[in-house]
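Worksheet: one structure, shown below.
This structure is a prediction, so every number in the text was calculated from the model and none was measured.
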Amino acid sequence: MILKGAKVLVIGASGGLGKAIVLELCKQHVGSLFLCGRNEKELLSLQEQGQKCGISTATAAFDLRNENLLTAFFADLENNGGIDAALILSGISLTKDANGFEDLYEINRGFDVNAKACIKCIYLAANLMQKAQHGQIVVISSLASLLALPSSPVYSASKAALNVYVKAIRPYLQSLNITLSLVLPGFFKSPMEKRFIGRKLFCVSTQKAAKKVINVLRKQKAFCAFPWYFYCVIVLLSFLPNVLQRPLTGICAFSVEPDNERRSYLEKKVRSSHV
């Protein structure tokens, strides 16, 4: 699609990849940017950057799991003339407990953010674009969705669920003149990547990952996986029997340090146990 002058929504703009994508969009001289994420400070910094480039930039800081705020945000987008493109980057990695499980809290928030929130955003963006009879939605999933990773079961499963929804809804959206693109990145430099302890094979820079996503948007590609050689390895692994897959996936085993939300949950849990 032609990005110059386009109205572009970036969901998850305050994360590492989201910020890099916004900066790349500024270079493309888009017409308007609508940015949402959880980190208000980062969003305001991006808004300032967009305005310096002469781009109308609006921000909204909220958690995508809050459905009332999410629907209100899209209602505001409609009142402001809609959007031409939406990039959906919602995603979190999960931490295992002392017993080696992702507990109920992690299971819930993993699927709520990585699958349900993204699917809701696709639905809401598609409704806006249906009225305009054109548009493109780019969904960022993960190469981890193609392989059952013992190091991160809920992350793999939630991203796989997102993939299936994208593939299932794509034919209908095509009939509405809406392009739906699926992007599967491997490891790339970001605050989330820093929490991964272990081997991070073929890790690429945030800037390179952002340029890949922008290229998908510009060329209206239906699918993109990168690095391509890591994608090929994963596809080949998926054809092997489980008895051979296990030792090979063990090569890239990792653990995940808790994020701020997880730490807060654990602290509250400890405090409540002492009451």
* **Backbone of L17 reached by a side-chain donor or acceptor of T206 within 3.5 Å** => no
* Could you tell me which residues satisfy ring pair (Phe, Tyr, Trp, His ring centres under 6.0 Å) with F74, sequence neighbours excluded, listed by chain and number? => none
* Asked: Hey, what's the ring geometry for F187 with F254, parallel, tilted or perpendicular (30° and 60° as the breaks)?
  -> perpendicular
* Salt bridge present between R262 and D103 (N-O < 4.0 angstrom) -> yes
* Do side-chain atoms of S181 reach the backbone of K221 as a donor and acceptor pair under 3.5 angstrom? -> yes
* **N108 side-chain N/O to L104 backbone N/O, donor-acceptor pair under 3.5 Å** => yes
* Any chance CD1 of I2 has more than 12 other-residue heavy atoms, nucleotides or ligands included, within less than 6.0 Å? -> no
* Asked: So, S90 side chain and V113 main chain: donor-acceptor pair closer than 3.5 Å or not?
  -> yes
* To do: Count the heavy atoms of every other residue, nucleotide or ligand shown that sit under 6.0 Å from NZ of K116, and state whether that count exceeds 12.
  => no
* To do: Assess whether side chain to side chain donor-acceptor pair (under 3.5 Å) is satisfied between N114 and S158, documenting all intermediate values.
  => CA-CA 6 Å; N114 295 341; S158 58; 3.2 Å; yes
* Check the surroundings of atom NZ in K200: do more than 12 heavy atoms from other residues, nucleotides or ligands lie under 6.0 Å from it? => yes
* Asked: Should the pair D97-K269 be classified as a salt bridge under the 4.0 Å nitrogen-to-oxygen rule?
  -> no
* Note: R263-E267 ion pair, threshold 4.0 Å (strictly below) -> no
* Which of parallel (below 30°), tilted (30 to 60°) and perpendicular (above 60°) describes Y265 and Y105? -> parallel
* To do: Sequence neighbours left out, what passes side-chain contact (heavy atoms from CB on, under 4.5 Å) with L244? Give chain and number order.
  => L240, P241
* Other residues, nucleotides, ligands: >12 heavy atoms within 6.0 Å of Y123 OH -> no
